[in-house]
Amino acid sequence: MFNSLNKISVTIKSEIKNIKDLTELNNFKSKYLGKKSIITLYFSKLALVNIPERIQCSSILNTFKRKIKHKIIQKKSSLRNRFLSDQAQSSYLDYSLPGRRIERGSLHPITMIINEIKEIFYQWGFVIYSGPELENIYYNFDSLNIPINHPSRSMGDTFWFDSNHVLRTQTSSAQMRILKKYSYPIKAIVPGKVFRRDFDHTHTPMFHQIEGLIVDKSISFSNLKWILKNLVIKIFKKNIKIRFRSSYFPFTCPSAEVDIQNKFGDWIEILGCGMVHPNVLKNFNIDRNIYSACAFGMGVERIAMLKYSLSDIRYFFENDIRFLKQFV
Ligand code: DAH
């Protein structure tokens, strides 16, 4: 066996030198380490010799095997290096070509506007709250003075979950929750998703609102006006025209809607607001001889559409990269 192994190791040396590619290397591997190789044959014969000889031979065989394996690994890496340097020398590799760029993702435009508005209110000392999207009808309707026969409660307008729960139709549903959590005086905003059974170029079944609530001593409509006017100026970053138009909401009195003027001179509604209605204050257990409150609720997509001059709200939810890319 010794003689034969010595002979083999001489042939191995010259054979491995002449190997030119991976296929040849694989053939070499199976020739010397495979099932039919001479080493495997010797291993299978070990059982026939006595124990001391078996120990000695198996150790020699194992060392031999390890050496071959090591040679194969070395050869593999030298073949690879040669392949790479050959490639580098051949003319088709142009190192001056620009690399392929990995496209960068970015925040959704609606998320960006929400973050921007959150930042403004944060600087004004508002708490940022978020209520549940699956809401108890008490918070969504009853606590807000919305009568039992109000159209917004109908199956046609609202996604009912069961007889007591809806997908919230407005972030105003968080007003009572804010007061339960923080008590008052308080100023808070609630950005979040709301749901209505509507679908056309200006309505989607899910959209975003930001609710605002301020409860304090001697809060008046002028506080509300200052906040909303300055908010609009900060969002649109120019002296945009804004008007307060008298309106009606069950949970505010007096109520107003705020319109801003687009570049064609049309007035577009962006939010509803008002002084919190006495019935709602009563539901909130607020002593209206001491405290007063104002509230507002704005549609985020509406604001985004005006800010980016878009005519169809559905662009926001189609996930078309060509559209979303513009906001990176
Ligand atoms: N919740 C109203 C809506 O979804 C918007 C609104 C109007 C919110 C007046 C308010 C408010 O807080 O005072 O249309």
Side-chain angles (χ1 to χ4, degrees), residues 114 117 121 126-133 135-147 150-154 157-159 166-179 184 186-198 202-216 219-229 231-232 242-260 268-281 283-284 286 288 291-303 305 313:
I114 291 178
I117 297 175
F121 280 105
F126 279 63
V127 165
I128 294 162
Y129 179 79
S130 77
E133 289 167 9
E135 186 57 284
N136 192 301
I137 50 170
Y138 176 71
Y139 292 104
N140 198 84
F141 298 123
D142 301 306
S143 69
L144 293 165
N145 197 35
I146 299 177
H150 193 274
S152 67
R153 292 197 185 222
S154 75
D157 278 4
T158 297
F159 292 105
V166 293
L167 291 184
R168 69 175 173 199
T169 60
Q170 49 184 354
T171 42
S172 308
S173 60
Q175 286 193 11
M176 173 75 113
R177 292 185 178 276
I178 294 171
L179 292 172
Y184 47 88
I186 177 79
K187 38 185 200 269
I189 57 159
V190 189
K193 293 184 169 69
V194 297
F195 306 84
R196 292 184 198 170
R197 298 179 80 121
D198 253 341
T202 52
H203 297 93
T204 44
M206 185 284 292
F207 59 102
H208 298 81
Q209 283 189 334
I210 297 181
E211 185 76 12
L213 176 70
I214 306 169
V215 185
D216 207 336
I219 287 292
S220 72
F221 206 94
S222 47
N223 297 115
L224 186 60
K225 265 186 108 169
W226 186 92
I227 287 175
L228 296 177
K229 198 168 172 184
L231 175 71
V232 168
I242 163 172
R243 76 176 180 197
F244 284 74
R245 182 169 37 79
S246 171
S247 182
Y248 171 79
F249 297 101
F251 35 92
T252 42
C253 184
S255 304
E257 279 175 300
V258 172
D259 300 333
I260 60 173
I268 313 282
E269 182 229 315
I270 53 163
L271 60 87
C273 62
M275 298 304 295
V276 175
H277 194 286
N279 289 352
V280 178
L281 291 178
N283 292 339
F284 293 171
I286 292 176
R288 65 191 188 96
Y291 287 96
S292 53
C294 67
F296 54 87
M298 65 191 92
V300 179
E301 282 77 5
R302 239 334 142 72
I303 292 175
M305 282 168 81
I313 190 175

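As a basis for the values below, the full set of heavy atoms in this structure was taken, side chains included, without hydrogen atoms, waters or symmetry mates. When a ligand or atom number is given, it counts from 1 through the structure's own listing order. One-based numbering along the sequence shown.
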Nearest protein heavy-atom contact for [atom]: which residue, which atom, what distance?
atom	result
atom 1 (N) of ligand 1	Gln170 OE1, 2.7 Å
atom 12 (O) of ligand 1	Glu211 OE2, 2.6 Å
atom 8 (C) of ligand 1	Gly297 N, 3.4 Å

Next on the checklist: Looking at Arg245, I want to see if its CZ is surrounded by more than 12 non-hydrogen atoms of other residues, nucleotides or ligands under 6.0 Å.
Outcome noted: yes
Side-chain contact, heavy-atom cut-off 4.5 Å: [X] with [Y]?
X	Y	answer
Ile178	Tyr184	no
Ile128	Pro191	yes
Val215	Phe284	no
Met298	Ile270	no

Checklist entry - Do the rings of Phe221 and Phe244 sit parallel, tilted or perpendicular, given the 30° and 60° boundaries? => result perpendicular
Item to check | Ser172-ligand 1 polar pair, N/O distance under 3.5 Å | outcome: yes
Provide the number and element of each atom of ligand 1 under 4.0 Å from a heavy atom of [X].
X	result
Gln209	3 (C), 4 (O)
Gly274	13 (O)
Phe249	7 (C), 9 (C)
Thr252	13 (O)
Ala295	12 (O), 13 (O)

Item to check | Part of Phe251 with heavy atoms under 4.0 Å of ligand 1, whether side chain, backbone, both or neither | outcome: side chain
Next on the checklist: Taking side chain to side chain contact (heavy atoms under 4.5 Å, CB included) as the criterion, tell me which of Val190, Leu271, Val194 meets it with Gln209.
Outcome noted: Val194
Checklist entry - For ligand 1, is Glu257 a contact, meaning one of its heavy atoms is under 4.0 Å away? => result no
Item to check | Heavy-atom nearest neighbour of atom 3 (C) of ligand 1 within options Arg196, Met275, His277, Gln175 | outcome: Arg196
Checklist entry - For Tyr139, is the NZ or CZ atom of Arg177 found under 6.0 angstrom from the centre of its six-membered ring and inside 45 degrees of the ring axis? => result yes
